[in-house]
Amino acid sequence: MDRNGFESKLGFKLITLFVFWTLAFVLIHSTINKKPFLVWASMVAMVASACVMFMGHAQEILVPHRQGRPYEELRHLQALKNIPFFFNGNVSGNFMGVVWASGREIRHWNPLTQRDLPTEPPLAFMSHEKPSEILPDEILDRYEVMVLGFFDGNFKSKRDTVLSNYISVIRNK
């Protein structure tokens, strides 16, 4: 973010904070002087100013765990058009959410036990770890492995890591 953007946001927050505290003073003063309409109006205005102040942080508050790109992008990536999709590991948690969001049928393939590709390349490969760490050397030597990125459905819990994965395309060299 450039300096002017930071300064304008800081100025906006300072003004909103000033308005909030002014309204708090009005609330206290009207409560002491027993003016119910001013009590109500200042409370409503305080809530509105707090909403305005935190409006810019709504994404951070509502979606705090986003680590990667959304699975919905997989539907539109040209590199994945008409190629089969495979996942290594145990399928648990909300894996159907990943299938639904990506719009793909995702089949199981464990490259540690099944050292050959499950189908002719190209194919898409989803894994918790980086593909270079889990694919056997025979596959890494014979095929090109292009990592498209790290994807996160943002519907994972701390104990359910199946929903954050690297997506790669394995092609002939």
Side-chain angles (χ1 to χ4, degrees), residues 1-83 85-107 124-131 133-134 146-169:
M1 178 186 307
D2 65 349
R3 186 158 173 79
N4 290 335
F6 176 76
E7 289 173 354
S8 66
K9 283 186 178 182
L10 180 64
F12 179 73
K13 287 182 180 180
L14 287 174
I15 290 169
T16 307
L17 195 60
F18 175 76
V19 168
F20 181 84
W21 285 110
T22 302
L23 291 168
F25 176 76
V26 170
L27 175 67
I28 292 168
H29 184 55
S30 58
T31 302
I32 291 170
N33 292 328
K34 297 181 179 163
K35 300 195 179 211
F37 178 75
L38 279 178
V39 170
W40 177 81
S42 58
M43 285 191 329
V44 169
M46 283 178 68
V47 169
S49 67
C51 289
V52 167
M53 190 144 116
F54 293 110
M55 189 169 36
H57 301 286
Q59 181 70 17
E60 297 165 18
I61 293 167
L62 297 175
V63 188
H65 301 295
R66 172 73 66 195
Q67 296 175 3
R69 296 161 50 189
Y71 283 111
E72 288 82 6
E73 283 185 30
L74 297 177
R75 292 176 177 258
H76 310 291
L77 288 177
Q78 199 63 23
L80 298 176
K81 194 153 188 99
N82 299 324
I83 64 173
F85 227 87
F86 292 90
F87 171 74
N88 82 315
N90 296 323
V91 176
S92 64
N94 191 3
F95 192 74
M96 284 310 296
V98 176
V99 172
W100 181 267
S102 65
R104 309 267 176 189
E105 175 187 358
I106 303 174
R107 293 179 253 160
F125 180 60
M126 178 186 298
S127 60
H128 301 309
E129 301 87 12
K130 292 181 181 177
E133 295 174 1
I134 59 169
M146 178 179 68
V147 178
L148 298 178
F150 185 75
F151 290 78
D152 182 355
N154 199 37
F155 34 62
K156 68 179 181 114
S157 67
K158 290 182 181 181
R159 60 184 158 68
D160 190 14
T161 58
V162 73
L163 302 174
S164 296
N165 295 292
Y166 289 93
I167 307 293
S168 308
V169 175

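When reading the values below, keep in mind they use all heavy atoms of this one structure, side chains included, and skip hydrogens, waters and symmetry mates.
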Participant: So, for F85 and E105, which heavy atoms are closest and what is the spacing to 0.1 Å?
Facilitator: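 That would be CB-O, 3.3 Å.
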
Participant: Tell me every residue that passes side-chain contact (heavy atoms from CB on, under 4.5 Å) with S42, counting only those two or more places apart in sequence or in another chain.
Facilitator: V26, L27, S30

Participant: I need the H128 NE2 to N88 CG distance, nearest 0.5 Å.
Facilitator: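 Answer rounded to 0.5 Å: 6.5 Å.
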
Participant: Taking atom CZ of R104 and atom CG of L74, what is their separation to the nearest 0.5 Å?
Facilitator: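 Between R104 CZ and L74 CG, I get 6.5 Å after rounding to 0.5 Å.
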
Participant: Calculate, to the nearest 0.5 Å, the distance between atoms CG and CG belonging to L148 and L80 respectively.
Facilitator: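 Between L148 CG and L80 CG, I get 5.5 Å after rounding to 0.5 Å.
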
Participant: Under the rule for side-chain contact (heavy atoms from CB on, under 4.5 Å), what residues qualify as partners of R75, not counting sequence neighbours?
Facilitator: none

Participant: Would you call the rings of W40 and F37 parallel, tilted or perpendicular, where under 30° means parallel and over 60° means perpendicular?
Facilitator: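 If you compare the ring of W40 with that of F37, the planes turn out tilted.
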
Participant: In a table with atom names and distances, give each donor-acceptor pair under 3.5 Å that connects a side chain of residues 44-52 to protein atoms at least two apart or in another chain.
Facilitator:
from, atom 1, to, atom 2, distance (Å)
S49, OG, A45, O, 3.4
S49, OG, M46, O, 2.9

Participant: Could you tell me if the side chain of L17 sits less than 4.5 Å from the side chain of W21, heavy atoms only?
Facilitator: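 They are in contact (side-chain heavy atoms under 4.5 Å apart), so the answer is yes.
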
Participant: Can you measure from CG (N165) to CZ (F150) and round to the nearest 0.5 angstrom?
Facilitator: 7.0 Å

Participant: For residues I134 and Y166, determine if any side-chain heavy atom of one lies less than 4.5 Å from a side-chain heavy atom of the other.
Facilitator: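 Counting from C-beta outward, I134 and Y166 never come under 4.5 Å.
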
